[in-house]
2 protein chains.
Amino acid sequence: MKDLEQKIRSFTPVSDSDMEFGLQFYKREELKKGSHLIQPGQYIHDFYFMKQGCVTYYTIEDGITRVMEFFTDGSFFTDLYPYIEEIPSESYLEVTEDSVVYTISKSDALKVFDHSHALERFGRLSMQKAFINNFQRMNRIKNLSNQERYLQLLERRPSLFQRVPQYLIASYLGLTPVGLSKIRKRLSKQ
Amino acid sequence: MKDLEQKIRSFTPVSDSDMEFGLQFYKREELKKGSHLIQPGQYIHDFYFMKQGCVTYYTIEDGITRVMEFFTDGSFFTDLYPYIEEIPSESYLEVTEDSVVYTISKSDALKVFDHSHALERFGRLSMQKAFINNFQRMNRIKNLSNQERYLQLLERRPSLFQRVPQYLIASYLGLTPVGLSKIRKRLSKQ
DNA sequence: CGTATTTATTAAACCAGTTTAATTAGAATC
DNA sequence: GATTCTAATTAAACTGGTTTAATAAATACG
């Protein structure tokens, strides 16, 4: 779990004994492409760290799939709102690529935060970072054209386009597959 | 500062002595409508709690004002990214209504988090809440029509429409004033 | 007050997306 | 390798916004 340890330490210093205490609760899991970590109706008991792979976070409303996020290498994730509120999820976390995650249960995570002020701080700082990332993403969505956002995504996360089918990327960008295809065509003509 | 204290305790239990320690660093400030808490180029030293009033958080790019948020009674706020990274802001925090805020400097806030595990936890939980709010807002932006979002805003924060001119609300919704006016007209005809 | 200024609405032309449906391209499976 | 299924592209008609400009309504102020 060197990668997880390193990730945590990139936020704030943590003593070896606190780190050892925290890491003992994480379990390594191998996930097969096509399986579901979470489906609508389920309660969310766990928090995940993606060691390697890709999970797509989406909902289906009125038959329309809406991709909210792709979680790839090095990211912490879960379906946070139902996780916190202890209500059933309305979303999917679908394994889009064979993956390896480290999993910690909510009750264990709370034990860790209780036990270690440093790891509680890590929790605060990682949440802060998640907030900022998301805030910036929201402002991109609001202020940029679809074409600009497509180009930015190409630049910021080029590997996504190898890993994930285009219609899911379209959904992530808030477009229809037809719309994304038109944008690509327009760009290729220039 | 009863309201601030209550707000903090709504997140997690905090002992009286920790609370006293934390609150001592907050300063009450009265802000006049039209003044600026933050302007582009400035470094952000403080974190704010809005006791009462309204502050508009926006940028101006290519002469276009883009409203990112309205901070009203009971919310914690600052220009978070420059605050954390200690880089100059590119945004405005403009007082849109005579307001009262409690202010704490970044260095004092760090002291508080160092001193009290409970308040560090409050920091984590409040950031978590901010993240979720924002995530849900982003998904509204992505998945709802402009008309639906206008109606939701009317329902969720009706007082905004009394406090803030319509062209700023249009910007907040990602519309032009003309666009919002059309939506309102369409709705009034039904 | 009446005048100046700002804010909101309306109209017209335009455009970047949508929907639906047909076609082509690519992948998986027998 | 042919067949089947899924994904991506294209076309055509449509729609909900945009921009620009003019007008009307509301607000501020000398």
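Numbered from 1 within each chain, the chains take letters A, B, ... in sequence-line order.
Between the OH atom of A:Y150 and the C1' atom of C:dG17 there is a distance of 16 Å, given to the nearest Å. Between B:N143 atom CG and C:dG17 atom C1' there is a gap of 16 Å when expressed in whole angstrom units. For the pair B:Q162 CD and C:dT7 C1', the computed distance is 16 Å after rounding to whole Å. Atom pair A:K185:NZ and C:dT24:P shows a separation of 14 Å (rounding to whole Å applied). When rounded to the nearest whole Å, the span between CZ of A:F161 and P of D:dA8 equals 12 Å. Atom CZ in A:R149 sits roughly 13 Å away from atom C1' in C:dA16 (whole-Å rounding).
No hydrogens or angles considered: a donor-acceptor pair under 3.5 Å links the side chains of A:E29 and A:T103. Judged by distance alone, the side chains of B:S17 and B:E20 never bring a donor and an acceptor atom under 3.5 Å apart.
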Output a table of nitrogen or oxygen pairs between the protein and nucleotides 5-7 of chain D separated by less than 3.5 Å.
| from | atom 1 | to | atom 2 | distance (Å) |
| --- | --- | --- | --- | --- |
| D:dA7 | OP1 | A:Y167 | OH | 3.0 |

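For the pair A:K7 (side chain) and A:G74 (backbone), a donor-acceptor distance under 3.5 Å is present. Using modelled atom types, one side-chain atom of B:S126 and one backbone atom of B:G123 make a donor-acceptor pair closer than 3.5 Å. Checking side-chain atoms of A:S35 against main-chain N and O of A:V95 turns up no donor-acceptor pair under 3.5 Å.
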Return a single string for nucleotides 17-30 of chain D, one symbol per nucleotide in 5' to 3' order, where B is base contact, S is sugar-phosphate-only contact and - is none, cutoff 4.0 angstrom on heavy atoms.
BBBB----------

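In terms of phosphate contacts, A:R184 brings no side-chain nitrogen or oxygen within less than 4.0 Å of OP1 or OP2 of D:dA8.
Between B:E97 and B:R163 there is a salt bridge, with a side-chain nitrogen of the basic residue lying less than 4.0 Å from a carboxylate oxygen of the acidic one. Taking the charged nitrogens against the carboxylate oxygens, A:K111 and A:D108 do have a contact shorter than 4.0 Å, which makes a salt bridge.
For the pair B:Y48 and B:Y102, the minimum side-chain heavy-atom distance is 4.5 Å or more.
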